[in-house]
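Following: one structure in structure tokens, then a few remarks.
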Amino acid sequence: MIIRQLVRRTPLPALECGTQIALLKTMTGVARPNSDMAEFREVFSKAKHIAIITGAGVSAESGLPTFRAASGHWRKWKTQDLATAQAFSRNPSRVWEFYHYWRELALKATPSEAHRAIAECEARLSKQGRSVVVITQNVDELHRRAGSKHVLEVHGSLFRTRCLSCGDVDASHHSPICPALEGKGDPDPNCRDADIPVKNLPRCDEGGCDGLLRPHVIWFGETLDSHILTKVEKELDACDLCLLVGTASVVFPAAMFAPQVASRGVPVAEFNIRPRANTSRFTYHFQGPCATTLPVALERHESEVI
């Protein structure tokens with residue numbers, strides 16, 4: 001597995017697929033990503049298993065703030081100071097206000113052209129016996145709303161909760177998730193905390209448990225769900241083309257996904273508004289809004305079977 005190989009420093013598997021160009025760049029260590037869309041489209045037309053890794057940039061084009069970015073703030077707090085188990089333990093009302101605000105934004109958002117292009121690509125290629133998996137760091141479920149079926153949400157979902165008492169995980173798309181949060185969550189730095197009593201925050205209704213619920217997302221300092229991580233590793237090990245879309249690749253372990261795929265000679269195409277730290281390790285880089293570049297890259301190739 002890619003991540004475990006990195007940790008154990010064991011050899012990576014021999015190259016089984018990928019273009020000669022990608023292999024040459026890997027062997028020589030002179031990775032010079034290009035923006036030749038025609039060349040990429042030729043590689044794309046032959047790929048059988050495509051892994052698409054997406055980040056906050058895709059959802060930003062739907063109008064959602066990039067809260068996990070270093071500059072992310074809500075009121076006067078940095079997101080990293082709110083999205084932790086310690087913050088929730090100290091002040092669950094404040095953390096739930098923040099997540100209520102984020103949930104409401106996500107519920108009102110519309111999937112971008114990039115979301116829709118990925119979903120259409122998956123549906124089209126599945127009819128050809130080819131596969132597309134979306135490995136997303138986003139928690140807004142916009143990929144699912146766009147129509148993507150094979151989605152691995154490595155950081156969880158805003159619309160799932162976990163009970164701190166019984167551990168039950170459940171989905172909830174209610175707006176608001178509980179009456180006490182209605183009208184709360186204003187991000188204005190001058191807005192005061194609602195200080196909602198814990199008994200009025202989201203509570204578990206599984207078998208009369210009534211335990212306090214928390215958002216079922218991966219907070220800073222927490223490890224990824226091992227079941228999801230295992231699925232991600234299998235997909236990345238199997239892919240013969242990888243797309244990295246709208247992510248700065250700074251949050252670990254997701255930041256390792258694309259570089260490790262590239263290290264075994266598989267073509268990686270990055271779609272982002274600007275080059276990033278690992279860009280030189282990839283085969284292709286297409287600069288600009290994902291909603292503009294990705295639909296062109298994923299549209300039906302003339303050689304595809306209809």
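Only this structure's heavy atoms are used, side chains among them; waters, hydrogens and symmetry mates stay out.
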*Is it true that Arg214 and Glu222 make a salt bridge, defined as a side-chain N closer than 4.0 Å to a carboxylate O?*
yes
*Does the distance from a Lys or Arg side-chain N to an Asp or Glu carboxylate O, for Glu113 and Arg116, drop under 4.0 Å?*
yes
*Got a second to check how far His174's NE2 is from Leu181's CG, nearest 0.5 Å?*
13.5 Å
*Regarding Ser175 and Glu104, is there a side-chain donor-to-acceptor distance under 3.5 Å anywhere?*
yes
_Lys46 NZ to Arg41 CZ distance, which is reported to the nearest 0.5 Å_ = 13.0 Å
*asked:* Tell me whether the count of non-hydrogen atoms from other residues, nucleotides or ligands lying under 6.0 Å of NZ in Lys231 goes above 12.
replied: no
*Taking atom CD of Glu206 and atom CG of Asp170, what is their separation to the nearest 0.5 Å?*
7.5 Å
*Which atoms form the tightest heavy-atom contact between Ala255 and Asn278, and what is the distance?*
O-ND2, 4.2 Å
*Counting N and O atoms only, with roles assigned by atom type, does the side chain of Glu97 sit under 3.5 Å from a partner on the main chain of Gly185, one being a donor and the other an acceptor?*
yes
*Check against salt bridge (charged side-chain N to carboxylate O under 4.0 Å, His left out), Arg75 and Asp193*: CA-CA 10 Å; Arg75 292 182 183 165; Asp193 285 354; 3.2 Å; yes
_Distance-only polar pair, side chains of His216 and Arg160, donor-acceptor under 3.5 Å_ = no
*Within the side chain of Arg281, is there an N or O that forms a donor-acceptor pair under 3.5 Å with the backbone of Val268?*
no
_Suppose we call two aromatic rings close when their centres sit under 6.0 Å apart. Are Phe88 and Trp219 close by that rule?_
yes
*asked:* Counting the benzene-type ring for Trp, do Phe271 and Tyr284 have ring centres under 6.0 Å apart?
replied: no
*asked:* Could you tell me if Gln137 and His155 have a donor-acceptor pair between their side chains, going purely by distance under 3.5 Å?
replied: no
*If you look at every heavy atom in Cys163 and Cys204, which pair is closest and at what distance?*
SG-CB, 3.6 Å
*Going by an N to O cut-off under 4.0 Å, is there a salt bridge joining Asp195 and Arg94?*
no
*Distance-minimising heavy-atom pair for Ile196 and Ser93*: N-OG, 2.8 Å
*Who passes ring-ring contact (aromatic ring centres under 6.0 Å, His included) against His143, sequence neighbours left out?*
His115
*Determine yes or no for a side-chain-to-main-chain donor-acceptor pair under 3.5 angstrom, with Arg162 supplying the side chain and Gly167 the backbone.*
no
*What are the two closest non-hydrogen atoms of Asp140 and Ala106, and how far apart are they?*
CB-CB, 4.0 Å
*Roughly how far apart are Thr110 OG1 and Leu142 CG, rounded to 0.5 Å?*
8.5 Å
*asked:* Side chains of Thr54 and Thr136: any donor to acceptor distance under 3.5 Å?
replied: yes
*Can you tell me how far OG of Ser62 sits from CG of Leu105, rounded to the nearest 0.5 angstrom?*
11.5 Å
*Could Arg103 and Trp96 be counted as a cation-pi pair, given that NZ or CZ must be under 6.0 Å from the ring centre and within 45° of the axis?*
no
*asked:* Can you see whether Ser131 engages His49 through a side-chain donor-acceptor pair at a distance of less than 3.5 angstrom?
replied: yes
*Check ring-ring contact (aromatic ring centres under 6.0 Å, His included) between Phe159 and all other residues, then give those that pass, not counting sequence neighbours.*
His173
*Of all the heavy-atom pairs spanning Thr283 and Pro267, show the shortest one and how long it is.*
OG1-CA, 3.4 Å
_For Glu182, is the CD atom crowded, meaning more than 12 foreign heavy atoms sit under 6.0 Å from it?_
no
*To the nearest 0.5 angstrom, please state how far the CD atom of Glu235 sits from the CD1 atom of Ile50.*
12.0 Å
